[in-house]
Amino acid sequence: MATFNIYKISEENIQDLFKKFSKVGLKKQKNNNLGGYSMTFYISKNPDPSEVWWLDLCEDFLEDQGDYKNKSQFGALVAEKEDEYYVVSFGKTYFYLQQFCDPDFGLNFAERILDPESIKMKNSKFYKSIKSKTITSYISESIITFDSGESIGYLKGIPDDEEKYGSKVHCGTSAKFSLDITLIELPEVLDNIRKDLKKDPIFSIPRAQKITEEREIEELDKKLAEKIMEADISMDEFSVLGVNFIFQSDYRYKLYKVYQEVNESEAGDISIKDLQDFVSSNDMEIPRDFSKIKVKVFKDTGNQFTKSIKELLDYSDDERNCLVDGRWYKFNESYLDSLKSEVDKIDLEYGAEHDISSGVGEDEFIEMLENNDYLSTHTTVEQIGDRYSVEKMDLYKGETIYFVKVGQTGKMNYVVDQSMNTLRLLQHNDNEIEIDGQKKQVKNICLWIVLDKKKDLENISDTKSLIFLMKLVDWKKEVQNAGYKPIIKVNYRRN
């Protein structure tokens with residue numbers, strides 16, 4: 001049984017891929033014409049040896065000081081037909097294919113050949129959510145479902161036609177499956193792939209779309225670089241190359257500046273603080289020198305390769321742009337429509353009697369409500385159960401706890417986070433909360449937001465903050481899963 005990990009390469013990228021092959025030591029071998037395909041094999045005839053970092057730790061136990069090195073062979077089979085290019089990856093070649101491949105190929109393939117009721121695993125990214133990325137594995141084959149705000153990067157499932165693609169197919173930026181065939185029979189498989197890609201999808205996968213406009217990418221890179229020095233960004237815990245999950249913790253890293261490798265950092269883990277220190281110690285100007293920062297990546301098996309720093313960062317902004325494996329993507333309209341639809345399912349309440357004038361602040365607003373039979377805990381620390389003391393809410397009335405925020409939409413994220421913290425604590429105390437020594441039942445959790453807006457909202461999804469909408473979707477789901485009813489009250493602070 002042979003395993004095939006197949007990438008699709010666009011015609012405009014194929015020459016750059018061949019240059020990359022030459023640079024990393026992949027040597028061209030024989031070319032054969034099989035089933036209408038021109039097929040050429042490349043192999044690493046003399047792969048560079050890599051250091052075994054843990055030998056230094058064990059030197060007192062070595063009988064000799066031999067030159068211990070790791071070597072790892074890798075190769076690629078390139079198949080071309082009618083100006084379409086497919087590459088079968090062997091060994092670590094998938095590390096080099098990612099930047100040249102068609103990133104939509106694997107999931108386009110999945111939409112057309114996987115049985116949507118027989119999914120075994122999925123990888124998702126949740127942009128500006130409490131969750132950043134998840135890997136979900138199902139105990140048995142499951143019907144595919146998607147959460148609002150979820151973007152899929154990988155699926156594993158059973159194909160509709162197991163004779164063509166085997167019993168399991170992995171789909172990411174590449175497609176991987178096992179078949180009892182030789183390479184002579186590979187053209188028939190490639191023909192099946194090409195035919196299936198022209199069919200209508202069986203189901204749709206929510207995902208983001210790659211940004212290709214160079215000027216837009218340059219502007220996003222500049223913004224990204226500035227966020228690094230503000231520490232308003234994080235390192236990516238794992239990525240998907242083709243169908244391979246690459247966990248940062250499995251590797252060691254060296255930062256270096258292009259053309260100045262003598263200034264490379266010590267090999268080890270990498271964090272935003274490490275990146276900031278590297279920039280400072282090398283007198284680099286950000287964002288000007290951002291593109292000069294590279295990363296050497298080491299693994300015990302002998303794999304060693306270089307990445308741009310962008311490929312290790314996890315970032316999204318409030319304008320539907322996100323960074324995935326070093327590439328910029330934008331949420332498509334269907335993604336945004338799905339997000340808005342989910343938010344608008346939350347009960348929304350408005351009462352004009354609670355609108356306030358521009359001079360009224362948050363504390364004063366809460367005091368006004370306290371005079372209308374709401375219990376205020378805005379400035380007090382209360383006990384939940386025997387273990388926690390927190391400033392847990394702002395108001396209580398009629399089995400509902402309220403979290404209040406007054407101001408611009410961009411400042412409303414805090415009130416969502418505050419309520420989520422209290423929600424987790426509530427679950428430890430049987431739906432009860434103690435106020436002034438008395439236990440109160442809680443059935444509803446309400447966000448009471450007072451917006452500085454001239455025009456009233458028809459729907460809460462009309463707010464322009466994408467991050468706020470994502471947080472609300474997570475909040476709604478968490479509140480409902482905990483057995484409470486989510487409510488949003490909206491009022492306005494008028495000039």
Side-chain angles (χ1 to χ4, degrees), residues 128 148 318-319 336-337 339-380 382 390-423 426 433 435-436 440-480 484-495:
K128 284 295 182 183
S148 181
D318 205 15
E319 295 163 358
L336 191 58
D337 290 343
L339 198 66
K340 288 182 174 182
S341 173
E342 202 64 28
V343 168
D344 287 336
K345 293 176 184 177
I346 304 171
D347 282 3
L348 182 64
E349 300 178 1
Y350 169 69
E353 69 274 13
H354 294 306
D355 288 345
I356 56 178
S357 60
S358 59
V360 178
E362 190 171 304
D363 290 346
E364 188 177 350
F365 177 71
I366 290 173
E367 289 174 9
M368 292 165 56
L369 293 170
E370 189 176 5
N371 294 328
N372 283 276
D373 298 327
Y374 288 87
L375 292 177
S376 173
T377 61
H378 179 53
T379 59
T380 61
E382 298 285 349
V390 293
E391 182 184 330
K392 57 186 177 294
M393 64 183 187
D394 296 305
L395 298 165
Y396 175 89
K397 183 179 180 180
E399 298 183 326
T400 301
I401 55 175
Y402 296 85
F403 301 86
V404 178
K405 194 65 182 172
V406 177
Q408 298 289 334
T409 307
K411 296 181 179 180
M412 295 298 151
N413 297 333
Y414 169 78
V415 77
V416 180
D417 295 337
Q418 181 192 4
S419 69
M420 292 286 274
N421 289 335
T422 298
L423 173 64
L426 259 175
I433 197 164
I435 303 174
D436 296 333
K440 305 287 187 180
Q441 281 288 321
V442 177
K443 292 185 178 180
N444 311 308
I445 297 179
C446 178
L447 305 180
W448 197 331
I449 59 177
V450 183
L451 297 170
D452 292 328
K453 289 184 72 68
K454 294 180 180 179
K455 186 178 180 181
D456 291 4
L457 299 175
E458 291 187 18
N459 301 291
I460 194 65
S461 64
D462 292 337
T463 60
K464 294 183 179 181
S465 172
L466 180 63
I467 296 172
F468 183 51
L469 295 182
M470 291 173 176
K471 282 183 171 288
L472 286 179
V473 169
D474 273 332
W475 174 78
K476 168 181 171 285
K477 183 177 179 180
E478 293 289 332
V479 170
Q480 289 177 331
Y484 303 97
K485 180 181 179 179
I487 301 170
I488 297 177
K489 288 179 73 72
V490 174
N491 282 102
Y492 302 95
R493 185 162 61 177
R494 313 287 190 179
N495 292 326

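Atoms considered below: every heavy atom in the structure, side chains included; atoms not considered: hydrogens, waters and symmetry mates.
- Atoms SG and CG, on Cys446 and Leu395 in that order, are 9.5 Å from each other to the nearest 0.5 Å.
- Partner of Val450 under the side chain to side chain contact (heavy atoms under 4.5 Å, CB included) criterion, chosen from Val490, Ile356, Asp355: Ile356.
- Rounding to the nearest 0.5 Å places CD1 of Ile487 at 8.5 Å from NZ of Lys489.
- Minimum heavy-atom separation, Gly359 to Glu364: O-OE1, 4.3 Å.
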Inset, instruction - Begin from the C-alpha positions of Phe468 and Val416 and carry the test side-chain contact (heavy atoms from CB on, under 4.5 Å) through to its verdict. - result: CA-CA 9 Å; Phe468 183 51; Val416 180; 3.8 Å; yes
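- Between Asp417 and Lys471, some side-chain heavy-atom pair lies under the 4.5 Å cut-off.
- The CZ atom of Arg493 lies 4.0 Å from the CG atom of Asp452; values are rounded to the nearest 0.5 Å.
- Scanning all heavy atoms of the two residues, the minimum distance from Gln441 to Tyr396 falls at O-OH, 2.8 Å.
- Side-chain contact between Tyr350 and Leu457 is absent, with no heavy atoms from C-beta onward closer than 4.5 Å.
- Note that CD1 of Ile488 and CD of Glu349 are 10.0 Å apart. Values are rounded to the nearest 0.5 Å.
- Residues Asn459 and Leu348 are not in side-chain contact: their nearest non-hydrogen atoms beyond the backbone lie 4.5 Å or more apart.
- Taking 4.5 Å as the limit, every side-chain heavy atom of Lys476 sits out of range of all side-chain heavy atoms of Val343.
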Inset, instruction - Tell me, with the steps shown, if Ile445 and Thr422 meet side-chain contact (heavy atoms from CB on, under 4.5 Å). - result: CA-CA 10 Å; Ile445 297 179; Thr422 298; over 6 Å; no
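- A 4.5 Å side-chain heavy-atom check between Lys397 and Leu369 finds every atom pair outside the cut-off.
- Taking the six-membered ring where the residue is Trp, His354 and Phe365 present perpendicular rings, their angle passing 60° and hence far from 30°.
- For an aromatic pair to be called close, the ring centres must be under 6.0 Å apart, and Tyr374 with Trp448 satisfies this.
- Proximity of a side-chain donor or acceptor of Asn491 to a complementary backbone N or O of Gly351 within less than 3.5 Å is detected.
- Using a 4.5 Å heavy-atom cutoff, the side chains of Asp474 and Lys477 are not in contact.
- A salt bridge links Glu362 with Lys405; the closest basic N to acidic carboxylate O contact falls under 4.0 Å.
- In this structure the side chain of Thr463 never reaches within 4.5 angstrom of the side chain of Met412, judged on heavy atoms.
- The NZ atom of Lys485 lies 4.0 Å from the CG atom of Asp347; values are rounded to the nearest 0.5 Å.
- Considering all non-hydrogen atoms of both residues, Lys455 and Tyr492 come closest at O-CE2, 4.4 Å.
- Scanning all heavy atoms of the two residues, the minimum distance from Val442 to Tyr484 falls at O-CE2, 3.3 Å.
- No side-chain heavy atom of Leu447 sits less than 4.5 Å from a side-chain heavy atom of Ile346.
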Inset, instruction - Given side-chain contact (heavy atoms from CB on, under 4.5 Å), test Val415 with Val404 step by step and report yes or no. - result: CA-CA 7 Å; Val415 77; Val404 178; 5.9 Å; no
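- The CG atom of Asp344 sits 7.0 Å away from the CG atom of Asp462 when rounded to the nearest 0.5 Å.
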